[in-house]
Amino acid sequence: HIGSAPSSLSVYPSRGLVDEKFTVLVQKAPPGFQMTIHVLHQCEDGNSLEAFAHYTADACGTVNLSEDPSMGGTYSGVEPMGLIWSLKPVPGSKPGIRLSKKNVQTPMEFTISVYKGHQTEGFVDQVQLACVVVERWYMAPGVRRVPITEGGLIGVLFLPPGPGPFPGVLDLWGGGVDLLETRSALLASHGFASMTINYMDPFRKNEETITFLIMFFLQTALRVLQQHPQILSSSIGMLGLSFGASVTFKMAAYSDVVKVRNCAVCISGSHVQPVDGSVADLIEYYNQVITRDLLLPIPTDPTMKVDVGRVQCPLLLIVGEDDQNWPVSESAQDIKEMMERAGNSHLLTILSYPNTGHLIEPPYSGHVLVSTFVIECITVDLWGGEMVAHCRAQEDAWRKILVFLMENLFVHNSANTSE
Ligand SMILES: *[C@@H]1O[C@H](CO)[C@@H](O)[C@H](O)[C@H]1NC(C)=O
């Protein structure tokens, strides 16, 4: 492998959090040497994804992916993390595959390799000039994972390293997701005690259930967080994506048993929903929006939307302007107007991202335009967004979400901000 080939490939840091950037460096190549940097990742479900990009060594024989442009491949231009966000299922994969991680107690491994020339396919049959395995973790060293069963909950709590007490975050995914631990683990890696729960399963089975019971269930979850000895009972926030955002709106507006005192983050969600209806009503309404018409007008009927004028805590809305799953831009506009009329719009921050789709997740988890996802009888498979813009939005939104949570949840205990 030595001789006319690059003899040094390094990645720094080679072990880190999934939302942390890394630098890939090729050194000691012949000046002007053309090479392909390739990354391969095998998910736990056995599916493989890959990305690759074409580079040319400079006069010193170096390529630095953090400052040199890719001339082609799955991304182009200067994109330090392009190798991760442009990952695609390897040729021949079945459709609907995306980067995914279930067991957050093990890292995701990415094999980064250098190949001679500007290649586009057949990597398995070629000789690698150099290869490094990179580990990306959702759980930072010292983060603890605690299964939660109190109060009938099915959940997992992640606690940051150290004795605490820590601010708490209740972290909710959308419908169709049972328990996905990635984001909560990552929040704990950033200093928040974060619990995610399976809040849909108990109700999916009984469509007669009024949606108020879902709120009751979420209040139980908030209470469990508040009463935990390592959590600051006065610093609890909620964060939800998609349907998780819809119930977060509802909790922020109506929950008086346990107030969401500190803040709420709603990603790609809407305040429009049959507020006092049954789960069946809710599903019927969602079915209408998803399968029939994204452009349904925002209802004027007050029973069809959460009264966000009642919200008393800071509210951060994250909106993808190319959300093809849900009319979130229209919802955000209506929320803004409702809050202006009610005099609480000073609590509202809207971050709206052009060319960005529905699934705004922590960064470097890729962009998914299409994946298969079933809620009850509804199959959703179109999320929207343009890859580069969507991935930039994920980076920006995640950074701002962390700052928002820090500003609103750490204020009550400045002695605890050393994380
Ligand atoms: C690679 O580029 C990054 C970003 O410009 C820089 O911080 C880093 O020092 C570079 N690494 C080397 C070894 O030149």
Side-chain angles (χ1 to χ4, degrees), residues 1-41 49-88 99 107-120 123 128-138 140-141 186 189-190 353 361-367 386-403 419:
H1 301 183
I2 325 285
S4 66
S7 53
S8 160
L9 167 67
S10 52
V11 180
Y12 180 81
S14 62
R15 175 182 291 166
L17 291 174
V18 294
D19 58 354
E20 192 179 348
K21 280 189 177 159
F22 55 73
T23 298
V24 178
L25 197 67
V26 178
Q27 287 168 304
K28 300 177 191 160
F33 186 80
Q34 295 200 328
M35 66 188 87
T36 302
I37 312 283
H38 178 267
V39 60
L40 184 69
H41 171 70
L49 298 104
E50 68 173 2
F52 57 89
H54 300 153
Y55 290 91
T56 303
D58 67 12
C60 305
T62 299
V63 169
N64 181 344
L65 265 62
S66 296
E67 51 190 30
D68 296 331
S70 157
M71 312 307 284
T74 52
Y75 66 93
S76 58
V78 180
E79 297 290 354
M81 295 304 284
L83 279 179
I84 304 298
W85 57 244
S86 72
L87 279 164
K88 301 206 168 19
L99 195 63
M108 294 198 285
E109 286 183 354
F110 297 94
T111 304
I112 299 179
S113 310
V114 182
Y115 293 93
K116 182 177 176 179
H118 288 171
Q119 313 286 343
T120 55
F123 291 97
Q128 300 167 348
L129 302 177
C131 168
V132 165
V133 176
V134 177
E135 280 185 11
R136 299 280 116 186
W137 290 81
Y138 282 98
L186 201 50
S189 301
H190 288 282
Y353 296 97
E361 299 178 9
Y364 318 134
S365 51
H367 163 243
E386 179 273 313
M387 181 175 71
V388 176
H390 187 93
C391 295
R392 295 224 199 297
Q394 292 195 151
E395 282 187 78
D396 188 74
W398 182 241
R399 198 171 52 236
K400 288 176 178 160
I401 287 169
L402 292 176
V403 168
E419 163 63 25

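Start at 1 and go down the list; that is how both ligands and their atoms are numbered.
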Distances for all N or O pairs of ligand 1 and the protein under 3.5 Å?
unit_1: ligand 1; atom_1: 2 (O); unit_2: Asn64; atom_2: OD1; d: 3.3
unit_1: ligand 1; atom_1: 2 (O); unit_2: Asn64; atom_2: ND2; d: 2.3
unit_1: ligand 1; atom_1: 2 (O); unit_2: Glu67; atom_2: OE1; d: 3.3
unit_1: ligand 1; atom_1: 5 (O); unit_2: Glu67; atom_2: OE1; d: 2.6
unit_1: ligand 1; atom_1: 11 (N); unit_2: Asn64; atom_2: ND2; d: 3.0

Give the C-alpha distance, both sets of side-chain angles, the deciding distance and a yes or no for side-chain contact (heavy atoms from CB on, under 4.5 Å) between Asp19 and His190.
CA-CA 10 Å; Asp19 58 354; His190 288 282; 2.6 Å; yes
With sequence neighbours left out, what residues match Phe123 under ring pair (Phe, Tyr, Trp, His ring centres under 6.0 Å)?
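Listed in chain order: His38, Phe52, Tyr115.
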All side chain to side chain donor-acceptor pair (under 3.5 Å) counterparts of Glu135, not counting sequence neighbours:
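Listed in chain order: Arg15, Trp137.
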Could you work out, with side chain to side chain donor-acceptor pair (under 3.5 Å) as the rule, every residue matching Thr23, not counting sequence neighbours?
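Thr23 satisfies side chain to side chain donor-acceptor pair (under 3.5 Å) with Ser66 once adjacent residues are dropped.
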Residues Tyr353, Arg392; criterion side-chain contact (heavy atoms from CB on, under 4.5 Å); working and verdict:
CA-CA 9 Å; Tyr353 296 97; Arg392 295 224 199 297; over 6 Å; no
Considering only heavy atoms from C-beta outward, does the side chain of Ile37 approach that of Tyr55 to under 4.5 Å?
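Answer yes - side chains close enough.
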